[in-house]
Enquirer: 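Please see the structure below; I have some questions.
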Amino acid sequence: YVRSQRSGQRGMVGIMRFIEKRLRLKVNADKSAVARPEERHFLGFRLRRNPEDGSVDVLLSKRSKERADRRTRELTPRNWGQSLRDCIGGLNAYLRGWGEFFHICSEAELSTLRGLDAHIRRRLRALLLKQWKRKRTRAKRLIQLGVRPKTAWQTVYKGHRRLWALSHTPVVDWGLRNAFFAARGLIFLADWFAVRNGWSVFAPASSAMQLSLRLG
């Protein structure tokens with residue numbers, strides 16, 4: 001591997017010399033390198049070859065994942081002062097555009113998309129808990145969402161949990177479950193990509209229905 005990389009670097013020097021001297025074009029050395037395809041960022045993607053059958057997976061680059069994570073954080077600030085539907089509306093506008101650009105990704109990225117979906121829903125849970133302000137209000141809202149009263153009170157008043165920790169407790173996860181956000185129109189990227197690309201993945205019924213209506 002080391003030998004092939006050194007050979008590749010020598011070849012790159014020759015190619016750069018040809019481009020700059022013969023073609024009189026400028027090469028950006030900072031963005032040029034000899035590396036495996038899966039290690040390089042190209043228009044937001046990276047490529048990975050399957051050694052068994054020679055197929056190539058189109059994956060998200062590390063930079064693309066970091067940008068998506070950063071942007072979803074910006075769109076779900078903890079001090080959001082408007083309604084949840086307004087927040088979801090802004091998120092959906094971004095997710096649709098992001099999904100259309102990256103929809104050529106392979107099914108191998110499904111776990112990444114599910115992770116991003118889960119992170120978005122957790123941020124929305126934390127946002128709602130913040131809007132509900134008082135512990136008493138949080139417990140009452142969870143009870144209205146179907147949580148057993150005793151469990152709701154115990155969870156909300158137990159210790160001095162930060163909102164981020166509380167947003168991922170079993171009680172809050174169940175009260176503000178996926179169906180809650182699907183009913184309010186939130187796009188689930190994993191399901192959106194599955195429907196868009198015909199992946200053999202079974203989406204939750206609640207979100208699958210809205211996806212079929214949105215894409216149909």
Side-chain angles (χ1 to χ4, degrees), residues 65-96 98-99 107 109-196 199-215:
K65 295 177 185 179
E66 291 173 346
R67 285 177 176 173
D69 181 71
R70 182 169 62 250
R71 184 57 181 151
T72 53
R73 287 173 185 272
E74 293 171 354
L75 291 169
T76 54
R78 201 70 54 82
N79 58 350
W80 179 259
Q82 301 177 50
S83 69
L84 176 65
R85 289 188 181 275
D86 288 338
C87 185
I88 289 177
L91 265 173
N92 282 349
Y94 169 72
L95 295 176
R96 283 195 193 95
W98 190 88
E107 193 172 339
E109 280 291 13
L110 187 60
S111 61
T112 297
L113 297 172
R114 283 175 173 160
L116 184 55
D117 281 334
H119 184 67
I120 289 172
R121 290 192 294 268
R122 183 176 180 183
R123 290 194 62 82
L124 290 175
R125 292 185 186 106
L127 182 153
L128 277 176
L129 291 171
K130 175 71 173 179
Q131 288 189 340
W132 292 343
K133 295 182 179 179
R134 301 172 60 188
K135 290 185 176 181
R136 183 180 183 83
T137 303
R138 292 167 189 159
K140 286 185 175 181
R141 290 295 184 95
L142 290 171
I143 292 170
Q144 291 172 0
L145 291 168
V147 176
R148 292 180 180 179
K150 182 178 180 181
T151 307
W153 291 112
Q154 287 179 342
T155 300
V156 171
Y157 278 91
K158 182 179 180 181
H160 298 282
R161 285 196 184 105
R162 293 180 178 273
L163 291 181
W164 185 244
L166 183 62
S167 68
H168 195 37
T169 55
V171 168
V172 176
D173 281 345
W174 192 90
L176 296 172
R177 50 197 177 277
N178 294 4
F180 173 89
F181 295 110
R184 285 152 183 79
L186 178 65
I187 292 175
F188 296 172
L189 282 174
D191 297 344
W192 191 94
F193 272 68
V195 174
R196 180 74 166 74
W199 294 346
S200 55
V201 178
F202 292 96
S206 57
S207 57
M209 183 176 296
Q210 66 166 353
L211 280 166
S212 63
L213 293 174
R214 186 176 290 120
L215 296 178

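Hydrogens, waters and symmetry mates play no part in the numbers below; they use all other heavy atoms, side chains included.
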Enquirer: Who pairs with Arg177 by salt bridge (charged side-chain N to carboxylate O under 4.0 Å, His left out), at least two apart in sequence or on another chain?
Expert: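 Here no residue qualifies.
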Enquirer: Side chains of Phe188 and Asn178: does their closest heavy-atom pair fall under 4.5 Å?
Expert: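 Heavy-atom side-chain distance check passes, below 4.5 Å.
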Enquirer: Might you work through the salt bridge (charged side-chain N to carboxylate O under 4.0 Å, His left out) test for Asp69 and Arg73, ending with a clear yes or no?
Expert: CA-CA 6 Å; Asp69 181 71; Arg73 287 173 185 272; 2.8 Å; yes
Enquirer: Taking atom OG1 of Thr112 and atom NZ of Lys65, what is their separation to the nearest 0.5 Å?
Expert: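 It comes to 4.0 Å.
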Enquirer: Using 0.5 Å steps for rounding, measure from the CG atom of Leu95 to the OG1 atom of Thr72.
Expert: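 That separation rounds to 8.0 Å.
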Enquirer: Taking Trp80 for its side chain and Ser83 for its backbone only, find out whether a donor-acceptor pair lies under 3.5 Å.
Expert: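 Present.
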Enquirer: Between Trp174 and Leu145, which heavy-atom pair has the shortest distance, and what is it?
Expert: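 That would be CZ3-O, 3.7 Å.
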Enquirer: Suppose we screen for salt bridge (charged side-chain N to carboxylate O under 4.0 Å, His left out). Which residues come up paired with Arg148, at least two apart in sequence or across chains?
Expert: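 So Arg148 forms no salt bridge (charged side-chain N to carboxylate O under 4.0 Å, His left out) with any residue.
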Enquirer: So, for Ala126 and Ser167, which heavy atoms are closest and what is the spacing to 0.1 Å?
Expert: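 It is N-CB, 3.8 Å.
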Enquirer: Is the NZ or CZ atom of Arg121 positioned over Phe180's six-membered ring, under 6.0 angstrom from the centre and within 45° of the axis?
Expert: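 Negative - Arg121 is either too far from the ring of Phe180 or too far off its axis.
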Enquirer: If you measure from CH2 on Trp98 to CZ on Arg71, what distance do you get to the nearest 0.5 Å?
Expert: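 The CH2 atom of Trp98 sits 14.0 Å away from the CZ atom of Arg71.
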Enquirer: Please list, chain by chain and in numerical order, all residues satisfying salt bridge (charged side-chain N to carboxylate O under 4.0 Å, His left out) with Arg125, sequence neighbours excluded.
Expert: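 For Arg125, the residues satisfying salt bridge (charged side-chain N to carboxylate O under 4.0 Å, His left out) (neighbours in sequence not counted) are Asp173.
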Enquirer: Please report the shortest heavy-atom distance between Leu127 and Pro77, naming the atom on each side.
Expert: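 Minimum heavy-atom separation between Leu127 and Pro77: CD1-O, 3.5 Å.
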Enquirer: Assess whether side-chain contact (heavy atoms from CB on, under 4.5 Å) is satisfied between Lys140 and Arg134, documenting all intermediate values.
Expert: CA-CA 10 Å; Lys140 286 185 175 181; Arg134 301 172 60 188; over 6 Å; no
Enquirer: Can you measure from CG (Leu142) to CG (Leu176) and round to the nearest 0.5 angstrom?
Expert: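 One finds 6.0 Å between CG of Leu142 and CG of Leu176.
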Enquirer: Quick check for you: to the nearest 0.5 Å, what is the distance between Ile88 atom CD1 and Leu186 atom CG?
Expert: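 Here the rounded value is 5.0 Å.
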Enquirer: What are the two closest heavy atoms between Gln131 and Gly81, and how far apart are they?
Expert: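 In terms of heavy atoms, the two residues are closest at NE2-C, 4.4 Å.
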Enquirer: Write down the atom of Ala190, the atom of Leu110, and the distance for their closest heavy-atom approach.
Expert: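 Ala190 and Leu110 have their closest heavy atoms at CB-CD1, 3.9 Å.
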Enquirer: Which residues pass the salt bridge (charged side-chain N to carboxylate O under 4.0 Å, His left out) test with Asp86, sequence neighbours left out?
Expert: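 Expected list: none.
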Enquirer: Provide the closest heavy-atom pair for Cys87 versus Leu124 in the form atom of the first, atom of the second, distance.
Expert: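 Heavy atoms only, the tightest pair is SG-CD2, 3.8 Å.
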Enquirer: Under 3.5 Å, side-chain donor or acceptor atoms of residues 151-160 against the rest of the protein: list the pairs with distances, not counting sequence neighbours.
Expert:
| residue | atom | partner | partner atom | Å |
| --- | --- | --- | --- | --- |
| Thr155 | OG1 | Thr151 | O | 2.8 |
| Tyr157 | OH | Arg136 | N | 3.4 |

Enquirer: Can you tell me if NZ on Lys130 sees more than 12 non-hydrogen neighbours from other groups inside 6.0 Å?
Expert: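 Check fails, neighbour count at 12 or below.
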Enquirer: Strictly distance-based, threshold 3.5 Å: is any side-chain N or O of Arg138 a donor or acceptor partner for the main-chain N or O of Leu129?
Expert: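 Side chain of Arg138 to backbone of Leu129, a donor-acceptor pair under 3.5 Å: yes, one is there.
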Enquirer: Does Ile120 reach the side chain of Phe181, with side-chain heavy atoms less than 4.5 Å apart?
Expert: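 Ile120 vs Phe181: side chains apart.
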Enquirer: Write out all pairs satisfying ring pair (Phe, Tyr, Trp, His ring centres under 6.0 Å) with one or both partners inside residues 110-152, taking only residues at least two apart or from two chains.
Expert: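 Applying ring pair (Phe, Tyr, Trp, His ring centres under 6.0 Å) to every pair that reaches into residues 110-152, excluding sequence neighbours, yields His119-Trp164.
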